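Shown next, in structure tokens, is the structure this report addresses.
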Amino acid sequence: MWKTILRRFLIMIPQIFLLSVLVFFLAKMMPGDPFTGAINPNTDPKEIARLKQELGLNDAPWVQYTRWVGNLFHGDLGTSYIQHVPVASLIWDRAINTFWLSLFTVILTYLIAIPLGISAGRNQDKWQDQSIQIFNYFTFAIPGFVFYILGLYLFGFVLNWFPISGSVGSDASGTFGVFLSRIYHLILPGTLVALISTTGIVQYLRTGIVDNKVEDYVRTARSKGVPEKVVFNKHILRNSLLPIAAFLGNTITGLLSGSILLETVFSYPGMGKLFLDSISQRDYTTLTALILLYGILTLVGNLLSDIIMSIVDPRIRIQ
């Protein structure tokens, strides 16, 4: 398996190269320039031309691309034209916040979804299954941004149980105090995302359990007198978890890229909000780095899914 993982990593190299080419040159095709919105519109055109010359924006596109890739290998993602700080440090600060939100969300999502899916599958067409299906229909039907706004309004403004913005309170002090404040700020947005994210997992798990209960190998196990608990845990549940495991890698990397809607509604300083701000402010340097990072996360997510699948069921091996 390790040889296959290494081979997959090697395959990712040309994919990342192609992605970098597309990202860089598509960014160059966008209207405006890196100075749009960053300087006074009344600035002397000669001054703008001088800045472009200093930054090498007048060089040939392939020269700019080569210089950009060379800087990437040295960890230099450029400088934000809007915030005037290195893009690497800017993304790192936001990535920490997104990491905590993602970790909290993934854990809570699976803690909610797996018991619900198991209950719905084991109690097919009973009141437990019907109640869970109603919950699924509700979370699937309501748009995410509406769900976020309603949750923010009810629990943030009306009940005033949770903060409505930020990632850490301004009055937090000390390592433990900052940690508690961060968790406190994560509870509401993380719970709302988890409730929305459980829909697919619950449905896949329920369907898998219902389908596997009538398989021949399950009937054979029961006919041999194997206890029902062993039949369910070893045969039905284990095989039903395979689709869930397949999505876990992409779920993790998808959350790491940040939720634009959620982070915008809650003014949460994560990567999703940074991505939206970069577009609205035409901060091309930051935007290019983020898109490249999102593409790499997607490739890594696919690899993680394959690895997790092979761990969950030893019969499955990456070929």
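The shown structure was predicted, so the numbers you read here are calculated from the model rather than taken from an experiment.
- Considering all non-hydrogen atoms of both residues, Thr139 and Thr199 come closest at OG1-OG1, 2.7 Å.
- Looking at Ser197, its side chain does come within 3.5 Å of a backbone N or O of Val193 through a donor-acceptor pair.
- With no hydrogens or angles considered, a side-chain donor-acceptor pair links Ser20 and Tyr65 at under 3.5 Å.
- Here the side chain of Asp76 pairs no donor or acceptor atom with the backbone of Leu72 at under 3.5 angstrom.
- When Val210, Thr198, Leu237, Leu116 are each tested for a side-chain contact (heavy atoms from CB on, under 4.5 Å) with Leu205, only one passes: Leu237.
- Side-chain contact, Asn97 with Arg182: a donor N or O sits under 3.5 Å from an acceptor N or O.
- Between Phe25 and Val21, the closest side-chain pair of non-hydrogen atoms falls below 4.5 Å.
- Crowding of Tyr204 atom OH: a count of heavy atoms from other residues, nucleotides or ligands under 6.0 Å not exceeding 12.
- When atom types are taken as modelled, the side chain of Lys213 and the backbone of Gly208 share no donor-acceptor pair closer than 3.5 angstrom.
- Contact of the Thr286 side chain with the Leu290 side chain is registered, since non-hydrogen atoms from C-beta on lie closer than 4.5 Å.
- A pairwise comparison of heavy atoms in Ser119 and Gln128 identifies OG-CB, 3.9 Å as the closest pair.
- With contacts defined as side-chain heavy-atom distances shorter than 4.5 Å, the pair Ile164/Phe266 does not qualify.
- A single hydrophobic cluster is seen to contain both Phe157 and Leu262, as judged by linkage of ILVMFWY side chains at heavy-atom distances under 4.5 Å, directly or through other members.
- With no hydrogens or angles considered, no side-chain donor-acceptor pair links Gln130 and Asp125 at under 3.5 Å.
- No hydrogens or angles considered: nothing links the side chains of Thr285 and Ser80 as a donor-acceptor pair under 3.5 Å.
- In this structure, Val63 is not a member of the same hydrophobic cluster as Val23, with clusters built from ILVMFWY side-chain heavy atoms closer than 4.5 Å.
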Legend entry - Derivation and outcome, side chain to side chain contact (heavy atoms under 4.5 Å, CB included), residues Ile142 and Leu150: CA-CA 11 Å; Ile142 188 170; Leu150 289 176; 4.1 Å; yes

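- Partner of Leu292 under the side-chain contact (heavy atoms from CB on, under 4.5 Å) criterion, chosen from Leu297, Leu22, Leu19: Leu19.
- Here the side chain of Thr298 pairs a donor or acceptor atom with the backbone of Tyr294 at under 3.5 angstrom.
- Criterion: ILVMFWY side-chain heavy atoms under 4.5 Å apart, direct or through other members. Under it, Val69 and Ile16 are part of a common hydrophobic cluster.
- The closest side-chain heavy-atom distance from Pro163 to Tyr184 is below 4.5 Å.
- Residues Ile13 and Ile11 do not share a hydrophobic cluster, clusters being chains of Ile/Leu/Val/Met/Phe/Trp/Tyr side chains in contact below 4.5 Å.
- For Leu188 against Gly151, the heavy-atom pair with the smallest separation is CD2-O, 4.0 Å.
- In this structure, Glu263 contributes its side chain and Gly272 its backbone to a donor-acceptor pair below 3.5 Å.
- Using a 4.5 Å heavy-atom cutoff, the side chains of Met12 and Val300 are in contact.
- Counting heavy atoms from C-beta on, the side chains of Arg206 and Ile209 never come closer than 4.5 Å.
- Legend: ring-ring contact (aromatic ring centres under 6.0 Å, His included) pairs involving residues 103-147, not counting sequence neighbours: none detected.
- No side-chain donor-acceptor contact under 3.5 Å links Thr98 to the backbone of Ala95.
- The distance from the CZ atom of Phe275 to the CG atom of Asp283 is 12.0 Å, given to the nearest 0.5 Å.
- Pairing each heavy atom of Leu293 with each of Met271, the nearest pair is CD2-CE, 3.3 Å.
- For the pair Thr191 and Ile187, the tightest heavy-atom approach, listed with the atom from each and the gap, is OG1-O, 2.5 Å.
- Ser240 places a side-chain N or O within 3.5 Å of a backbone atom of Ile236 that can act as its donor or acceptor partner.
- The nearest pair of heavy atoms linking Asp129 to Ala120 is OD1-CB, 3.4 Å.
- Shown here is Trp68, whose CH2 atom has more than 12 heavy atoms of other residues, nucleotides or ligands within 6.0 Å.
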